[in-house]
Amino acid sequence: SGWASQLATLHCRKTDVFNRGYGGYNTRWAKFVLPSLFPLTENAEEQPKHILVTIWFGANDAALPTEHAHVPVDEYEQNLRAIVKHVKRCALFVVVITPPPVHGPTRLAYQQRAYGDSGRATGVLERSTETAAAYAAAASRVARSEHVALLDVFGLMLTERAVSGVQGA
């Protein structure tokens, strides 16, 4: 199961864990639904506060420009900044998570499983580690400038790959 459900199980009867993740979304679409996910009150003192909100976007934004989920890195950074500013108003702690690197062979296998013989499994990567790096750097800049925590999944996964000797990213 996913990390959010594991967190919910770990904290069962201690706190509520809400997973607001939307598979396939990018920052453009998230920015659009954000007010309904995290409504803000007029009066800051009356604003209910979540304890912790994690913000993890970039993998879909970083797809090739020919993909429908693609968002240019400049717009991604602006969108992410707007999302962080909004969430800071209703959360005690905010953590921005960088997009992960892309492991080519695994991504191609996923493409084949997901799309099979439909013609959409092109055998061509629609994402790359090099492109994800630019989005990870943008996420890092936003976290730093907005004074929120950063979980550098991109860097950690590349370090793990180097340590474990995994090939093909």
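Quick note: residue numbers are just sequence positions, from 1. Side-chain atoms are counted along with the backbone in the values below, which use heavy atoms only and exclude waters and symmetry mates.
- By the 4.5 Å heavy-atom criterion applied to side chains, R144 and L150 are not counted as neighbours.
- Distance alone, capped at 3.5 Å, places no donor-acceptor pair between the Y135 side chain and the T98 backbone.
- The heavy-atom pair separating V73 from A134 by the smallest distance is CG2-O, 3.8 Å.
- For the atom pair CD of E146 and CZ of R81, the computed distance is 5.5 Å after rounding to the nearest 0.5 Å.
- Under the 4.5 Å side-chain heavy-atom criterion for Ile, Leu, Val, Met, Phe, Trp and Tyr, F32 and Y25 are members of the same hydrophobic cluster.
- Residue V53 is grouped with residue V33 when hydrophobic side chains (ILVMFWY) are merged at heavy-atom distances under 4.5 angstrom, including chains of intermediate members.
- Considering only heavy atoms from C-beta on, L151 comes within 4.5 Å of L156 through its side chain.
- Side chain of Q47 to main chain of P39: a donor-acceptor pair is present (N/O by atom type, distance under 3.5 Å, no hydrogens or angles).
- Put simply, L64 and V71 are part of two different groups of oily side chains (I, L, V, M, F, W, Y) that touch within less than 4.5 Å, one to the next.
- With hydrogens and angles ignored, the 3.5 Å screen pairs a side-chain donor or acceptor of K49 with a backbone N or O of R89.
- When atom types are taken as modelled, the side chain of H86 and the backbone of K31 share no donor-acceptor pair closer than 3.5 angstrom.
- We find the OG1-CG distance between T27 and D61 to be 3.5 Å, quoted to the nearest 0.5 Å.
- Between F57 and Y76, the closest side-chain pair of non-hydrogen atoms falls below 4.5 Å.
- Residue-environment remark: CD1 (I51) stays at or below the threshold of 12 foreign heavy atoms within 6.0 Å.
- Residues D152 and G155 come closest through the heavy atom pair OD1-N, 2.9 Å.
- For the pair R127/N60, a side-chain contact is recorded, criterion being any heavy-atom separation below 4.5 Å from C-beta on.
- Looking at P105 and H103, their side chains come closer than 4.5 Å, going by heavy atoms from C-beta outward.
- Side-chain contact between W56 and V153 is present, with heavy atoms from C-beta onward closer than 4.5 Å.
- In this structure, CG in L34 is found 13.5 Å from NZ in K85, a value given to the nearest 0.5 Å.
- Annotation for F154 and P99: closest pair CB-O, 3.1 Å, computed over non-hydrogen atoms.
- Looking at P48 and T41, their side chains come closer than 4.5 Å, going by heavy atoms from C-beta outward.
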